[in-house]
Student: 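Structure in structure tokens, see below.
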Amino acid sequence: MTSTTSGEFELIARYFQNWPSFHTSNTSIQIPNGDDCLVFKSESPIAISVDTLVENVHFLSSSPAHGVGYRALASSVSDLIAMGAKPIFFTLAITFCKDEVWLEQFSQGLKQAAQDFKIDLLGGDTTKTKLKNASVITIQVHGECETPIQRKGAKAGDLICVTGNIGNAGAAVELLEQTELNEDQHALLNSFYYPKPPAHLLPELANKATSAIDISDGLLQDLLHLCRHSQLQACLEVDHLPLSSAIKNEHDHKQAQKFALTGGDDYQVCFTIDAKHQQWIEDNHITVIGNMQTGLVDIVDTKSESITAQFSKLGYQHF
Ligand SMILES: Nc1ncnc2c1ncn2[C@@H]1O[C@H](COP(=O)(O)OP(=O)(O)OP(=O)(O)O)[C@@H](O)[C@H]1O
Ligand SMILES: Cc1ncc(C[n+]2csc(CCOP(=O)(O)O)c2C)c(N)n1
Ligand SMILES: [Mg+2]
């Protein structure tokens with residue numbers, strides 16, 4: 001095991017996991033707490049996930065409301081995609097401290113994401129806070145989940161893949177307050193406010209991947225969850241990370257890699273898959289970044305040196 005401490009995850013484990021169960025022993029709960037979604041078994045299994053965005057934690061008070069709305073839903077939908085679940089409906093609880101112009105733009109961004117991911121808004125709760133800069137947005141998403149992909153299930157020899165490009169959103173965080181932007185910086189901010197979790201890969205992803213997680217905190221921190229749940233080691237080829245031209249233009253190679261490894265907010269999917277699916281991987285422009293192997297739970301490079309040991313932070317931690 002690595003000696004990495006995880007404040008947020010330790011708190012969850014200490015206070016909110018392994019509670020006495022009244023129903024999980026019956027067959028209706030297929031996958032309980034611990035994955036990107038829980039899965040409730042009914043005629044058609046349903047995946048459920050809830051996520052909160054807090055002002056000045058997940059976005060700034062000055063952030064464009066349209067982007068905040070889009071991002072709120074897209075970042076929740078990514079948990080469904082990572083579970084192999086088709087988005088169906090969501091509920092929205094919003095506590096806001098802004099004016100109605102803000103709410104209108106927020107709703108337009110949210111609606112755009114709902115259209116892009118084909119997901120229905122079926123309820124919620126709308127409240128106002130008098131506290132300044134204290135908006136909180138909570139979205140619960142529900143999806144059809146015939147073949148759930150879990151964080152466990154990776155096999156030694158499986159390829160490790162990521163969808164899309166990673167690192168852009170991490171690089172965008174330092175641009176959030178910048179008013180004058182060049183084209184590349186604009187592209188980075190666009191990735192932050194308009195993430196595109198790979199819904200187009202369903203249902204094949206669900207049938208082929210052996211384990212998966214969405215990249216919300218940072219590749220290293222999120223991939224380490226796959227390692228822990230599957231009790232395997234990840235061997236990463238860091239030079240194979242999919243980096244956009246925008247991040248390469250804006251940053252030197254080491255810094256761009258650091259954003260991709262630890263920045264987070266990508267909402268792409270990191271998954272493992274048998275190498276026999278190589279053609280499908282290529283056809284879908286998915287990047288192979290390494291493979292799973294037996295060994296201590298950790299992420300190492302091709303020379304078997306620990307990559308996690310090289311970073312003080314593997315990803316975003318709330319505590
Ligand atoms: N307050 C809580 N009570 C019960 N379970 C929790 C609580 N907070 C987190 N969890 C569970 O702990 C696991 C890890 O949580 P975490 O927020 O890291 O995952 P996640 O929901 O996939 O995150 P993200 O939205 O960043 O992708 C999840 O299975 C989540 O449901
Ligand atoms: C203003 C601002 N500063 C920093 C960040 C970076 N950030 C915040 S939470 C998080 C992880 C995902 O959240 P969660 O684990 O709650 O799902 C990341 C990468 C941001 N988005 N906005
Ligand atoms: Mg997740």
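For clarity, every value in this text was computed on a predicted model and none was experimentally measured. Read the numbers this way: they start at 1 and go in the same order the structure lists the ligands and their atoms.
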Student: I'd like the name of whichever of Asp51, Asp35, Ile12 reaches closest to atom 10 (N) of ligand 1 through any heavy atom.
Tutor: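 Going through Asp51, Asp35, Ile12 one by one, Ile12 has the nearest heavy atom to atom 10 (N) of ligand 1.
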Student: Can you tell me if, anywhere in Asp222, an N/O/S atom lies at a distance from the Mg ion (ligand 3) that is smaller than 2.8 Å?
Tutor: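 Not a single backbone or side-chain N, O or S atom of Asp222 is under 2.8 Å from the Mg ion (ligand 3).
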Student: Could you tell me if any non-hydrogen atom of His225 lies under 4.0 Å from any atom of ligand 1?
Tutor: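 Judged by the 4.0 Å heavy-atom criterion, His225 does not count as contacting ligand 1.
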Student: Would you say ligand 1 has an N or O under 3.5 Å from any N or O of Asp79?
Tutor: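 N/O-N/O distance under 3.5 Å: yes.
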Student: Find all atoms of ligand 2 within a distance of less than 4.0 Å from any non-hydrogen atom belonging to Leu60, and give their numbers and elements.
Tutor: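 Within the 4.0 Å cut-off of Leu60, ligand 2 contributes 1 (C).
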Student: Looking at Asp214, pick out the N, O or S atom nearest to the Mg ion (ligand 3) and give its name.
Tutor: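 Sorting the N, O and S atoms of Asp214 by distance to the Mg ion (ligand 3) puts OD1 first.
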Student: Out of the N/O/S atoms in Asp79, what is the name of the one closest to the Mg ion (ligand 3)?
Tutor: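 Per the distance ranking, Asp79 contributes OD1 as its closest N/O/S atom to the Mg ion (ligand 3).
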Student: Could you list which atoms of ligand 2 come closer than 4.0 Å to a heavy atom of Tyr267?
Tutor: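 Contacts of ligand 2 toward Tyr267, numbered from 1: 12 (C).
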Student: For atom 30 (C) of ligand 1, which candidate among Leu53, Asn33, Asp36 provides the closest heavy atom?
Tutor: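 Looking at heavy atoms only, Asn33 sits closest to atom 30 (C) of ligand 1.
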Student: For atom 18 (C) of ligand 2, tell me which residue out of Phe59, Phe192, Tyr316 has the closest non-hydrogen atom.
Tutor: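 Heavy atom nearest to atom 18 (C) of ligand 2 belongs to Tyr316.
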Student: With atoms numbered from 1 as shown, which atoms in ligand 2 lie under 4.0 angstrom from a non-hydrogen atom of Ser216?
Tutor: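 Listed by number with element, the hits are 11 (C), 12 (C), 19 (C).
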Student: With ring pair (Phe, Tyr, Trp, His ring centres under 6.0 Å) as the rule and sequence neighbours excluded, what pairs involving residues 267-314 come up?
Tutor: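 Not a single pair qualifies under ring pair (Phe, Tyr, Trp, His ring centres under 6.0 Å).
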Student: Are there over 12 heavy-atom neighbours, none belonging to Lys86, within less than 6.0 Å of that residue's NZ?
Tutor: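 No, not enclosed.
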Student: With rounding to the nearest 0.5 angstrom, report the CD1 to CD distance, Ile286 to Gln268.
Tutor: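 Answer rounded to 0.5 Å: 10.0 Å.
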Student: Which bit of Met83 is near ligand 1, meaning a heavy atom under 4.0 Å away: side chain, backbone, both or neither?
Tutor: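 Neither; nothing of Met83 gets under 4.0 Å from ligand 1.
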Student: Of the choices Val57, Ile215, Asp265, which has the non-hydrogen atom that lies closest to atom 22 (N) of ligand 2?
Tutor: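 Closest candidate by heavy-atom distance is Val57.
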Student: Nearest non-hydrogen atom to atom 3 (N) of ligand 1 belongs to which of Phe16, Tyr316, Phe9?
Tutor: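 Residue with the shortest heavy-atom distance to the ligand atom: Phe16.
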Student: Given the rule in the side-chain contact (heavy atoms from CB on, under 4.5 Å) test, do Val39 and Gln150 qualify, once you have shown the distances and angles that lead to the verdict?
Tutor: CA-CA 10 Å; Val39 179; Gln150 292 190 246; over 6 Å; no
Student: Regarding Asn165 and Ser244, is there a side-chain donor-to-acceptor distance under 3.5 Å anywhere?
Tutor: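 Result is no, nothing qualifies.
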Student: For Leu176, take its heavy atoms, then give the atoms of ligand 2 lying under 4.0 Å from any of them.
Tutor: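 Selected atoms, number and element: 1 (C).
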Student: Evaluating non-hydrogen atoms only, which member of Asp266, Asp217, Asp222 is closest to atom 12 (C) of ligand 2?
Tutor: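 Comparing heavy atoms across Asp266, Asp217, Asp222, the nearest one to atom 12 (C) of ligand 2 lies in Asp217.
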Student: Considering only N, O or S atoms, which atom of Asp36 is nearest to the Mg ion (ligand 3)?
Tutor: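 Of all N, O or S atoms in Asp36, the Mg ion (ligand 3) lies closest to OD1.
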Student: So, 4.0 Å and heavy atoms of Arg71: is ligand 2 close enough to count as a contact?
Tutor: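 Yes.
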Student: Examine ligand 2 and decide if any of its atoms is less than 4.0 Å from a heavy atom belonging to Gly263.
Tutor: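 The answer is yes, since Gly263 has a heavy atom less than 4.0 Å from ligand 2.
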Student: In this structure, does ligand 1 have an atom that sits under 4.0 Å from one of the heavy atoms of Gly34?
Tutor: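 Yes.
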Student: Run the contact test for His318 against ligand 1 with a 4.0 Å cut-off on heavy atoms, strictly below, and give the result.
Tutor: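 Heavy atoms of His318 never come under 4.0 Å of ligand 1.
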